[in-house]
2 protein chains.
Amino acid sequence: METPRELFQIMTRRLGLLNKDCCSVGGCNLSATQSHLLYEIDRSHNPSMQQVAETLGTDITTFSRQVQSLVKMSLVNKTPDPTDRRIYNLSLTPEGKMVAATIDQQMNEYLNEAFSHMSEFEVETLLRSIKLFNEAMGKSSNCCAPVKG
Amino acid sequence: METPRELFQIMTRRLGLLNKDCCSVGGCNLSATQSHLLYEIDRSHNPSMQQVAETLGTDITTFSRQVQSLVKMSLVNKTPDPTDRRIYNLSLTPEGKMVAATIDQQMNEYLNEAFSHMSEFEVETLLRSIKLFNEAMGKSSNCCAPVKG
DNA sequence: CGCTAATACTTGCAATTTGCAAATTATTTT
DNA sequence: AAAATAATTTGCAAATTGCAAGTATTAGCG
């Protein structure tokens, strides 16, 4: 019988490969890192650089440069915060939203393809289970909280 | 309601952070990539370089260098194949096995910690679901097969 | 057998990514 | 108003990556 770790290792490897493959949208050729960045900016509401970097567990200086390149690609806006000018708020440009939506769609398509090899009940159970697991990890104080020791 | 992609994105992010944090064993400070490499060599039986590189979706030249550094750290053995001398078979040294086992243990410990926020039934369901999902992804022909287009 | 093709793996750059320390700009505290 | 704190950006320097080209070794085919 597989240990939990084995199951998760195989799954994350496969999903990681998926992530790599789903990063090309039209002319845009994103890295997996950049795709994560777009995803996170998209789901947060005008987050600051710090916030996103911390959520993703990325060094802030590395993050700063990643954002720069996405701004250069016209996918991300960096707007000075009106109430505190040390802070820059991040948001997606219309083009960025388009790219993020396309990536999202591609990944959901692949996932649905994989789900087609499972019964409807199994899929529902899987998704419900992962939701519970995500919540459980959120409660877990150990490591892997966004903040690093 | 979250899309499948959202659920998986959050989960893989957390598991990725876990992976990063679980890579230090005594003096050894491994990268997540190196940890994956150890894991895969451990579970295969004397695989060739090609095999592992392909499974992990890594460029073979990059892989070659990764192996070199692990050999230098005395974690991996690179043995010429007796029947075909173009091939090198990989295996873990005793020290490599030790490191791999420790990483495995650390990750399982964290996972169990997270599981402690779920009922026993929920955990069983989760693990069974992931197993099914892994099999489904294996059947899926699309992308994310180890071979890249 | 002998020559070409294919396979497994390794180097040589060159570009990209990363992180620590230090600098910059803006705000808060005293 | 000076000092401490906070958010972000640069300056290296090291590590990671990938493509093209190179080295062995084996397979295929006349």
Side-chain angles (χ1 to χ4, degrees), chain A residues 16-17 19-21 23-24 28-38 40-41 44 46-73 75-91 146-149, chain B residues 16-17 19-21 23-24 28-38 40-41 44 46-73 75-91 146-149:
Chain A
L17 292 175
N19 228 311
K20 255 196 214 167
D21 283 357
C23 286
S24 296
C28 274
N29 238 336
L30 301 180
S31 69
T33 311
Q34 291 172 323
S35 157
H36 288 159
L37 222 164
L38 283 193
E40 192 54 30
I41 295 178
S44 325
N46 276 33
S48 73
M49 311 250 309
Q50 289 273 3
Q51 276 167 11
V52 183
E54 192 162 305
T55 303
L56 298 179
T58 316
D59 185 89
I60 183 72
T61 73
T62 301
F63 184 79
S64 170
R65 278 179 260 249
Q66 284 167 351
V67 168
Q68 282 173 32
S69 64
L70 287 173
V71 168
K72 213 171 282 170
M73 297 165 88
L75 300 177
V76 167
N77 288 319
K78 229 173 83 180
T79 324
D81 189 292
T83 74
D84 185 339
R85 274 181 302 175
R86 290 171 301 183
I87 299 176
Y88 283 90
N89 294 313
L90 301 174
S91 59
V147 187
K148 281 197 66 176
Chain B
L17 292 174
N19 228 312
K20 255 196 213 167
D21 283 358
C23 288
S24 296
C28 275
N29 238 335
L30 302 180
S31 68
T33 311
Q34 291 172 324
S35 158
H36 289 159
L37 221 164
L38 283 193
E40 191 55 31
I41 296 177
S44 325
N46 277 30
S48 72
M49 310 251 308
Q50 288 276 2
Q51 276 167 13
V52 183
E54 192 163 305
T55 303
L56 297 179
T58 316
D59 185 90
I60 183 71
T61 72
T62 301
F63 185 79
S64 171
R65 278 179 261 248
Q66 283 167 352
V67 168
Q68 282 173 31
S69 66
L70 288 172
V71 168
K72 213 171 280 170
M73 297 165 89
L75 299 178
V76 167
N77 287 319
K78 227 173 82 179
T79 323
D81 188 291
T83 74
D84 185 338
R85 274 180 303 173
R86 289 170 300 182
I87 299 176
Y88 283 90
N89 294 314
L90 301 174
S91 59
V147 186
K148 281 197 66 176

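Every value quoted in this text rests on a predicted model; they were computed, and no experiment measured them. In what follows, chains carry the letters A, B, and so on, assigned in the order in which the sequence lines appear, proteins first and then strands, with residues in each chain numbered from 1.
- Distance check: K20(B) NZ to T33(B) OG1 gives 10.5 Å after rounding to the nearest 0.5 Å.
- Of all the residues in residues 62-70 of chain B, S64(B), R65(B), Q68(B) reach under 4.0 Å from DNA chain C with at least one non-hydrogen atom.
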Acceptor/donor pairs from residues 46-53 of chain B side chains to any protein atom, 3.5 angstrom cut, sequence neighbours excluded:
| from | atom 1 | to | atom 2 | distance (Å) |
| --- | --- | --- | --- | --- |
| S48(B) | OG | Q51(B) | N | 3.3 |
| Q51(B) | OE1 | S48(B) | N | 3.2 |

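- Here the CG-CD distance, from L56(A) to E40(A), works out to 5.5 Å after rounding to the nearest 0.5 Å.
- Contacts of T58(A) with the nucleic acid, taken as non-hydrogen atoms under 4.0 Å apart, are absent.
- Test N77(B), T79(B), D81(B) against N89(B) for side chain to side chain donor-acceptor pair (under 3.5 Å) and you get one pass: D81(B).
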Worksheet item: Can you give the dot-bracket line for DNA chain C, where a pair is Watson-Crick or G-U wobble with both atom distances under 3.5 Å, crossing pairs use [ ], and | marks a partner on another strand?
Response: ||||||||||||||||||||||||||||||
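- What separates CD of E54(B) from C1' of dA8(C) is a distance of 12 Å, to the nearest Å.
- Looking at L70(B) and Q66(B), their side chains never come closer than 4.5 Å, going by heavy atoms from C-beta outward.
- Think of the region where chain B sits on DNA chain D: with heavy atoms and a 4.0 Å cut, that region ends 5' and 3' at dT17(D) to dT26(D).
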List, with names and distances, any nitrogen or oxygen atoms from the protein found under 3.5 Å away from nitrogen or oxygen atoms belonging to nucleotides 24-30 of chain C.
| from | atom 1 | to | atom 2 | distance (Å) |
| --- | --- | --- | --- | --- |
| dT27(C) | OP1 | R85(A) | N | 3.0 |

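- Between D59(B) atom CG and dC9(C) atom C1' the separation is 12 Å, expressed in whole Å.
- Mapping N89(B) and T61(A) onto DNA chain C via the closest heavy atom, the residue that lands nearer the 5' end is N89(B).
- DNA chain D is contacted by no residue of residues 28-37 of chain B, taking any non-hydrogen atom closer than 4.0 Å.
- Atom CE of M73(B) is separated from atom SG of C28(B) by 4.5 Å, given to the nearest 0.5 angstrom.
- In this structure, CD1 in I41(B) is found 9.5 Å from CG in L75(B), a value given to the nearest 0.5 Å.
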